[in-house]
Trainee: 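After the structure tokens below, expect a handful of questions from me.
Throughout, residue positions are numbered sequentially from 1 according to the sequence presented. Predicted, not measured: the structure shown is a model, and the values here were computed from it.
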Amino acid sequence: MQSIKHFFIELGRDIFNVTFTLFKVMIPILIAIKIIEELGGIVLLSQLLGPLMQTVGLPDSMSLVWATTLLTNIYGGLIVLISIDNALTVAQASILGSMMLLAHSLPIEATIAKKAGVSLWVTLVFRIGGSLLLAWILHQTYQLTGSLNQPAKMLWSPEVSVENGYLDWATSQLQNLAMVFLVISTLLFTLKVLKILGIEKLMAIILKPFLRLLGISQEATNITIIGATLGLSFGGGLLIHEAQKGHVAARDVFTSIMLLNLLHSLIEDTLLILLIGADFNTIFWGRLLFSFIIIAALATTIRKLSPVFCERYLYRSVVRN
């Protein structure tokens, strides 16, 4: 009985620490994004991004979709895409979808990465640059092969909720935060059960060869899996918690976060992008392959750099004494 009581006391403490850390990041940024949106910042950003769309084979109007996605999330980008009503080919939908998958919700997710000790500028360059690089590679491939030129079929249109004022917006955000709390609580409970059952060690053994190639330690294995399947916000929040306790080394946190920057929320986000008529092989297997190659190259480079250089420009320890 005492051990069960200790289990839930420790679980409650961990849930509070993780969610409190995340909410300190998310709430101010959600307010800032709303202000930027009200001032027309998203429209301005889309105008700046317009010329880039041409280099990856997309209409200029798609810059507004990507700009919205960068500052808000994939749902926001999809709503803008529906409102534009611009016909795309499967190739174009796959390119746009890949860009949305790699670079979205940057104000929140880049700040979460920073809280874990990863340089903000490295995260932004990595995600935006990686997004454009993958889009350019896909565009060149589709041009050379002449594939996926058929019209994309939009399978679903997200329901646009009409916000009558700031109170409606605030209520919506509170509901989102409550959902984040529930998901994190479930994840932390599951992690503790996995540790007790020894499944965590088994998973680490199976994935150890793959993660070793990417420079990710055993301590970060489960958290990386969570982030890859459910989202960077959840995996990143757990990584912050473990990094502050000193359970995961700064370099391992960096490599894990960089992987999650490119490869997270594999289930939900992939399904969302499929709904705009994108090619599954491109947005799932193509993203997996691209992420593996980039992170493998990054991990190899990091091992050759001095710790002093890395701690000055790439990452820092966030261990609390």
Trainee: Tell me, do L305 and T301 make a side-chain contact under 4.5 Å, heavy atoms counted?
Mentor: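 Yes. Closest side-chain heavy atoms under 4.5 Å.
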Trainee: With a 4.5 Å limit on heavy-atom distance, are the side chains of N73 and T69 in contact?
Mentor: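 A side-chain contact is absent here, since even the closest heavy-atom pair is not under 4.5 Å.
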Trainee: Any link between I27 and L167 through a network of hydrophobic side chains (Ile, Leu, Val, Met, Phe, Trp, Tyr) touching at under 4.5 Å?
Mentor: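 Different clusters.
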Trainee: Taking the side chain from H139 and the backbone from A135, do they hold a donor-acceptor pair closer than 3.5 Å?
Mentor: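 It does not hold such a pair.
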Trainee: Picking from L134, I295, L298, what satisfies side-chain contact (heavy atoms from CB on, under 4.5 Å) with L262?
Mentor: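 In the set L134, I295, L298, the residue that makes a side-chain contact (heavy atoms from CB on, under 4.5 Å) with L262 is I295.
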Trainee: Quick one: does S291's side chain have a donor or acceptor within less than 3.5 Å of a partner on R287's backbone?
Mentor: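 At least one qualifying donor-acceptor pair exists.
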Trainee: Measuring only between side-chain heavy atoms, which start at C-beta, is F181 closer than 4.5 Å to S185?
Mentor: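 With C-beta onward as the side chain, the pair touches.
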Trainee: Please give me the minimum heavy-atom distance between H104 and R127, naming the atom from each residue.
Mentor: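 Answer, listing the atom of H104 first, then R127: O-NH2, 3.4 Å.
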Trainee: Quick one: closest heavy-atom pair of A93 and A152, and the distance?
Mentor: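 Reported closest heavy-atom pair: CB-CB, 3.9 Å.
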Trainee: Atom NZ of K115 and atom CD of Q244: how far apart are they, to the nearest 0.5 Å?
Mentor: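 If we round to the nearest 0.5 Å, K115:NZ and Q244:CD are 8.0 Å apart.
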Trainee: Under the criterion side-chain contact (heavy atoms from CB on, under 4.5 Å), I'd like the reasoning laid out for V318 against I240: C-alpha separation, chi angles, the key distance, then a yes or no.
Mentor: CA-CA 8 Å; V318 294; I240 293 171; 5.8 Å; no
Trainee: Taking the side chain as everything from C-beta on, heavy atoms only, tell me whether L275 gets closer than 4.5 Å to L78.
Mentor: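 No - every pair of side-chain heavy atoms lies 4.5 Å or more apart.
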Trainee: Which pair of heavy atoms, one from V253 and one from A116, lies closest together, and at what distance?
Mentor: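 The answer is CG1-O, 3.4 Å.
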Trainee: Mind running side-chain contact (heavy atoms from CB on, under 4.5 Å) on I273 and L101 for me, showing each step along the way?
Mentor: CA-CA 8 Å; I273 299 303; L101 286 169; 3.7 Å; yes
Trainee: Would you call K153 and V90 a side-chain contact if the rule is heavy atoms closer than 4.5 Å?
Mentor: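 Side chain of K153 against side chain of V90, heavy atoms only: no contact under 4.5 Å found.
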Trainee: Indicate whether the side chain of T282 and that of Y142 have a donor and an acceptor atom separated by less than 3.5 Å.
Mentor: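 Side-chain D/A pair, T282 to Y142: present.
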Trainee: Output the distance between atom CE (M258) and atom CD1 (I302), rounded to the nearest 0.5 Å.
Mentor: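 The CD1 atom of I302 is 8.5 Å from CE of M258, to the nearest 0.5 Å.
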Trainee: Hey, could you give me the CG/CE distance between L81 and M62, rounded to the nearest 0.5 Å?
Mentor: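 The distance works out to 5.5 Å.
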Trainee: Report the C-alpha separation of Y315 and C310 in whole Å, then their side-chain angles, then the decisive distance to 0.1 Å, and conclude whether the side-chain contact (heavy atoms from CB on, under 4.5 Å) test is met.
Mentor: CA-CA 6 Å; Y315 58 78; C310 291; 3.5 Å; yes
Trainee: Do you reckon I257 sits in the same ILVMFWY cluster as V125, going by side-chain contacts under 4.5 Å, direct or chained?
Mentor: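 I257 and V125: separate clusters.
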Trainee: Hey, does the side chain of T55 reach the backbone of P51 with a donor-acceptor pair shorter than 3.5 angstrom?
Mentor: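 Not at all, since once roles are kept as given, no pair shorter than 3.5 Å links the two residues.
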Trainee: From L138 CG over to Q92 CD, what is the distance, rounded to the nearest 0.5 angstrom?
Mentor: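 Those atoms lie 12.5 Å apart.
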Trainee: Assigning hydrophobic clusters by single linkage (Ile, Leu, Val, Met, Phe, Trp, Tyr; side-chain heavy-atom cutoff under 4.5 Å), is I9 placed with F16?
Mentor: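 Different hydrophobic clusters.
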Trainee: Report yes or no: do L106 and I35 belong to one cluster of Ile/Leu/Val/Met/Phe/Trp/Tyr joined by side chain heavy-atom distances under 4.5 Å?
Mentor: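 Same cluster.
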Trainee: When rounded to the nearest 0.5 angstrom, what distance separates CG in L49 from CG in L132?
Mentor: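 Answer for the CG-CG pair, L49 versus L132, is 8.0 Å.
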Trainee: Is any side-chain heavy atom of L44 closer than 4.5 Å to one of L39?
Mentor: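 No - every pair of side-chain heavy atoms lies 4.5 Å or more apart.
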Trainee: Give the ring-plane orientation class for F284 versus F280, where under 30° counts as parallel, over 60° as perpendicular and anything between as tilted.
Mentor: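 Taking F280 first and then F284, their aromatic rings lie parallel (interplane angle under 30°).
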Trainee: Determine whether F126 and I294 make a side-chain contact, defined as any pair of heavy atoms from C-beta on separated by less than 4.5 Å.
Mentor: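 Sidechains of I294 and F126: in contact.
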Trainee: Strictly distance-based, threshold 3.5 Å: is any side-chain N or O of S63 a donor or acceptor partner for the main-chain N or O of D60?
Mentor: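 Yes; at least one donor-acceptor contact below 3.5 Å.
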Trainee: So do S131 and W66 actually touch side chain to side chain, heavy atoms under 4.5 Å?
Mentor: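 Yes, their side chains come closer than 4.5 Å.
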Trainee: Quick check on R312: does its CZ atom have over 12 non-hydrogen neighbours (other residues, nucleotides or ligands) under 6.0 Å away?
Mentor: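 No, CZ of R312 has 12 or fewer neighbouring heavy atoms, counting only those of other groups under 6.0 Å.
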Trainee: Under the 3.5 angstrom rule, does the side chain of D269 hit a backbone N or O of L266 as a donor-acceptor pair?
Mentor: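 No: the side chain of D269 does not pair with the backbone of L266.
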Trainee: Under 4.5 Å between side-chain heavy atoms, hopping through other hydrophobics if needed: is there a path connecting F254 to F309?
Mentor: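 Shared cluster, yes.
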Trainee: What is the distance from atom OG of S256 to atom CG of N261, rounded to the nearest 0.5 Å?
Mentor: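 Rounded to the nearest 0.5 Å, the OG-CG separation comes to 9.5 Å.
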Trainee: Output, in order, the C-alpha distance, side-chain angles, deciding distance and verdict of side-chain contact (heavy atoms from CB on, under 4.5 Å) for K114 and T123.
Mentor: CA-CA 8 Å; K114 184 180 179 182; T123 296; over 6 Å; no
